[in-house]
Amino acid sequence: MSVDAEDAVGRLSHDSSEENDWAAAKAFFDSLKTTTKPRPPKPKNAVTIAVSSRTLFNMVKERKLYEEEGLERYVSYQLEHEDQPFTPGVAFPFVKALMVVNARLRELYPDSEELFDIVLMTNNHAQVGVRLINSINHYGLSIERFCMTGGESPIGYLKAYMTNLYLSKDSQKVQQAIEEGIAAATMFTCDNENKLSDTQLRVAFDGDAVLFSDESEIIVKKHGLDTFFQHEKEFENKPLAQGPLKCFLEALGKLQRKFYAKNLRITCPIRTYLVTARSAASAGARVLKTLRSWGLEVDEALFLAGAPKGPLLQKIRPHIFFDDQMFHIEGAQELGTIAAHVPYGIGQKYHKSKPLKPKEAEK
């Protein structure tokens, strides 16, 4: 037998051995009766949502302590209060909704690992871990995977955890994640939250620079709306390039289809919305045809033609709304919507009402 053939056989044997080891470990843990908590799925099968500790829990007081008195006092305070659970943070309702979907999926597909897997991704030190664990157990959250980096940025671990979405309060880390090709958004505290569904996960997306690239926004900035409408009509049958959150919509669609396969489209516990400032007749067809070309769909498409998004979102009451423009984020928050900023595209550099000069647009 040649050396190459021996290597191939060795690799196959190693892969088979690894699968056998995993199966044996899973069988052992499944046989234990000491816990009713389901085991997390293999990362390669799951839709992995990485949340920072400051989005999952309200840590405003602790953050202020860290900034004013330093790391050592911060860690000491956490140790002193580790039996006191944190109060829920802005991402808490979203995480709870993910767990509702998982419960339904497990009812329909008991052996399937195509589930949401929630990872706590934080640059906290391990000494803070006990309070975080106690808080997670206090609220009955299914979070078994932690990444605590002791002050270092956790961004380098996102790909290793096979992350489909990363939520943080640190806009710089979110920007780094997007540059690494990972769907990510910055969450902000919402003081006046709407009452949300406890039986259905609702996720709302802006279109340009969120699901799609910012190519159309560049046309608006450079040449104005009339040229934009003409451009969209001319390229109606050319799909838009993908934006930073297209892959997350794709992951949601994969789980939705598992309910559709059981004839449960109407009662599916995942519902998606496109909420865009585009006009329907003038610039809507390209958006819908792009989604179709990707093999994706949204449950509801709302074209607002420049009208405020806040009132519509107040009606939808999503667990999370993604937008690239801060004025839409602020408008949504004022009416109680949990919103997350996607720092991507040309809109991050220029105010929407200020057209670009030709030289600026080329930069």
Side-chain angles (χ1 to χ4, degrees), residues 26 30 36-51 91-119 139-144 162-165 167 183 193-207 210-211 242 245-276 287-303 312-322 337-338 340:
K26 185 176 185 299
D30 288 345
T36 58
K37 283 191 175 182
R39 294 285 164 183
K42 290 182 184 178
K44 68 179 182 181
N45 298 328
V47 176
T48 300
I49 311 297
V51 295
F92 190 91
F94 176 65
V95 169
K96 292 285 284 186
L98 299 178
M99 292 173 56
V100 168
V101 176
N102 276 356
R104 290 283 305 277
L105 283 168
R106 287 191 171 103
E107 290 174 2
L108 296 172
Y109 302 93
D111 298 323
S112 175
E113 290 193 331
E114 290 186 313
L115 303 160
F116 289 112
D117 187 22
I118 305 153
V119 176
Y139 295 108
L141 302 179
S142 297
I143 302 178
E144 299 293 345
M162 304 180 76
T163 302
N164 295 93
L165 175 69
L167 299 174
E193 294 179 12
N194 294 318
K195 180 174 173 54
L196 305 175
S197 172
D198 58 5
T199 60
Q200 185 180 62
L201 168 67
R202 298 178 185 176
V203 182
F205 299 89
D206 178 33
V210 175
L211 290 179
Q242 72 178 49
L245 263 68
K246 179 254 188 180
C247 55
F248 181 52
L249 177 62
E250 193 170 33
L252 291 176
K254 180 181 75 170
L255 296 186
Q256 281 182 307
R257 287 190 290 275
K258 294 178 74 68
F259 292 97
Y260 301 166
K262 298 288 187 178
N263 199 29
L264 297 173
R265 179 182 285 266
I266 300 300
T267 58
C268 179
I270 303 173
R271 192 163 184 85
T272 56
Y273 304 79
L274 172 66
V275 183
T276 174
V287 162
L288 298 178
K289 288 183 177 182
T290 295
L291 290 173
R292 187 188 303 164
S293 74
W294 291 345
L296 300 180
E297 57 183 289
V298 289
D299 294 296
E300 298 187 28
L302 306 174
F303 294 89
L312 270 295
L313 292 166
Q314 189 178 32
K315 176 66 176 176
I316 294 169
R317 299 192 176 190
H319 291 87
I320 192 167
F321 163 60
F322 297 101
T337 294
I338 299 172

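When reading the values below, keep in mind they use all heavy atoms of this one structure, side chains included, and skip hydrogens, waters and symmetry mates.
- Proximity of R202 to L196: side-chain heavy atoms (C-beta onward) are nowhere separated by under 4.5 Å.
- Counting only heavy atoms from C-beta outward, the side chains of L201 and L98 approach each other to under 4.5 Å.
- P43 approaches T48 most closely through the heavy-atom pair O-OG1, 4.3 Å.
- Residues L252 and F205 are in side-chain contact: their nearest non-hydrogen atoms beyond the backbone lie under 4.5 Å apart.
- Taking every heavy atom of both residues into account, A50 and T163 meet most closely at CB-CG2, 3.9 Å.
- Using modelled atom types, one side-chain atom of Q200 and one backbone atom of C268 make a donor-acceptor pair closer than 3.5 Å.
- Side-chain atoms of K258 and L105, non-hydrogen and from C-beta on, do get closer than 4.5 Å to each other.
- Here the straight-line distance linking atom NZ of K262 with atom CG of L108 works out to 6.5 Å at 0.5 Å rounding.
- Counting all heavy atoms, side chain and backbone alike, K246 lies closest to L211 at CB-O, 3.5 Å.
- Within a 6.0 Å sphere centred on NZ of K254, other residues, nucleotides and ligands contribute more than 12 heavy atoms.
- Side chain of D299 to backbone of T272: a donor-acceptor contact under 3.5 angstrom is found.
- A pairwise comparison of heavy atoms in V101 and P269 identifies CG2-O, 3.6 Å as the closest pair.
- You'll find the side chain of L313 reaches within 4.5 Å of the side chain of P318, heavy atoms only.
- Scanning all heavy atoms of the two residues, the minimum distance from N45 to E113 falls at ND2-OE1, 2.8 Å.
- Salt-bridge check for R265 with E297: passed, with a basic side-chain N closer than 4.0 Å to an acidic carboxylate O.
- Side-chain N or O atoms of H319 include none that pairs as donor or acceptor with a backbone N or O of I338 at under 3.5 Å.
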Exercise. Any chance you could lay out the side chain to side chain contact (heavy atoms under 4.5 Å, CB included) test for L165 and F94, step after step, and finish with the verdict?
Key: CA-CA 12 Å; L165 175 69; F94 176 65; 4.1 Å; yes

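- From D206, atom CG reaches atom CG of L245 across 10.0 Å, with rounding to the nearest 0.5 Å.
- Looking only at distances, no side-chain donor or acceptor of N164 sits under 3.5 Å from a matching main-chain atom of I49.
- Legend: side chain to side chain donor-acceptor pair (under 3.5 Å) pairs involving residues 91-111, not counting sequence neighbours: none detected.
- To the nearest 0.5 angstrom, L288 atom CG is 4.0 Å from F303 atom CZ.
- Looking only at side-chain heavy atoms (C-beta outward), I316 and V275 come within less than 4.5 Å of each other.
- Between T276 and V287 there is no side-chain heavy-atom pair separated by less than 4.5 Å.
- A donor-acceptor contact shorter than 3.5 Å links the side chain of Q256 to the backbone of I270.
- Between R271 and S197, every side-chain heavy-atom pair lies at or beyond the 4.5 Å cut-off.
- Shown here for F322 and V210, the closest heavy-atom pair between the two residues is CB-CG1, 4.0 Å.
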